[in-house]
Amino acid sequence: MNAGMPLDAILHEVRLPADLLERPYLRPFYDEPEFVVRNVWRQYGGWYDGNPAHLKPAPFAALARELAALAGGARALVARARELASAGELRLACHLVELAAAAAPEDREAHAARAEVYAARRRAEASLMARGIFNAAAREPAPGG
């Protein structure tokens, strides 16, 4: 942070030493190191993450529609999200499936894929906080259902 690195880089580069994570009282049971990094950033750097596009962003649904149009539609995003999830790339799969569901809010297939991806993400997580949030996302009802 003091070196001017953006939050995104810090989140994906900070790693705690394995010997610390092995201690029973430091295991990421409820929270996890990535969430602590966000809290430190928020405390000392505020809410701005360093990405100028995030300063006054377009509505997420508008961005999702534009990206879906570039990708060939929400179903293209769904297909790629499922491919990524199958390959274990769950972080990327979540982004794409969220875009698909936001771009086509009435598309039941997009919402079904969203539930699948978040269920897989939930199973892959260790912390209670992450599992709870991803489980809630997986259980959100599709439109009209």
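- Each ring pair (Phe, Tyr, Trp, His ring centres under 6.0 Å) pair with one or both residues in residues 102-129, not counting sequence neighbours, appears once here: Tyr118-Phe134.
- Side-chain heavy atoms closer than 4.5 Å link hydrophobic residues (I, L, V, M, F, W, Y) into clusters, and following such links, possibly through other members, connects Leu67 to Leu92.
- Of all heavy-atom pairs between Ala93 and Ala85, the closest is CB-N, 3.7 Å.
- With sequence neighbours excluded, the residues satisfying side chain to side chain contact (heavy atoms under 4.5 Å, CB included) with Ala124 are Leu90.
- Looking at every heavy atom in both residues, Val97 comes nearest to Ala113 through CG2-C, 3.5 Å.
- Here the side chain of Trp41 pairs a donor or acceptor atom with the backbone of Tyr48 at under 3.5 angstrom.
- Applying the salt bridge (Lys or Arg N to Asp or Glu O under 4.0 Å) test to pairs two or more places apart or on separate chains, none has a residue in residues 40-62.
- Residue pairs meeting the side chain to side chain donor-acceptor pair (under 3.5 Å) criterion with at least one partner in residues 132-141, sequence neighbours excluded, are Arg114-Glu140.
- Identified under the salt bridge (Lys or Arg N to Asp or Glu O under 4.0 Å) test for residues 79-94, with sequence neighbours left out: Glu34-Arg91, Arg80-Glu83, Arg82-Glu109, Arg82-Glu116.
- Atom NE2 of His54 and atom CG of Leu7 lie 10.0 Å apart (nearest 0.5 Å).
- Minimum interatomic distance between Leu16 and Pro33 (heavy atoms only, all atoms of both residues): CD1-CG, 3.5 Å.
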Could you list the donor-acceptor pairs under 3.5 angstrom formed by side chains in residues 22-31, with sequence neighbours left out?
unit_1, atom_1, unit_2, atom_2, d
Arg27, NH2, Glu22, O, 3.2

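- Val78 and Leu70 are members of different hydrophobic clusters when ILVMFWY side chains are connected at heavy-atom separations under 4.5 Å.
- Across every non-hydrogen atom of Ala64 and Ala102, the tightest pair is CB-CB, 3.6 Å.
- Counting heavy atoms from C-beta on, the side chains of Asp8 and Asn51 never come closer than 4.5 Å.
- Distance check, rounded to the nearest 0.5 Å: SG of Cys94 to CG of Leu99 gives 11.0 Å.
- For Ala69, there are no side chain to side chain contact (heavy atoms under 4.5 Å, CB included) partners, not counting sequence neighbours.
- Taking the side chain to side chain contact (heavy atoms under 4.5 Å, CB included) definition, one finds that Pro17 meets it with Asp19, Leu20, sequence neighbours left out.
- Criterion: ILVMFWY side-chain heavy atoms under 4.5 Å apart, direct or through other members. Under it, Val37 and Met1 are part of a common hydrophobic cluster.
- Sorted by first and then second residue, the pairs that involve residues 121-131 and meet salt bridge (Lys or Arg N to Asp or Glu O under 4.0 Å), not counting sequence neighbours, are Arg121-Glu125.
- Residue pairs meeting the ring pair (Phe, Tyr, Trp, His ring centres under 6.0 Å) criterion with at least one member in residues 71-96: none, sequence neighbours excluded.
- For Glu13, the side chain to side chain contact (heavy atoms under 4.5 Å, CB included) partners two or more places apart in sequence, or in a different chain, are Met5, Ala9.
- For residues 65-77, the side chain to side chain donor-acceptor pair (under 3.5 Å) pairs, not counting sequence neighbours, are Arg75-Asp107.
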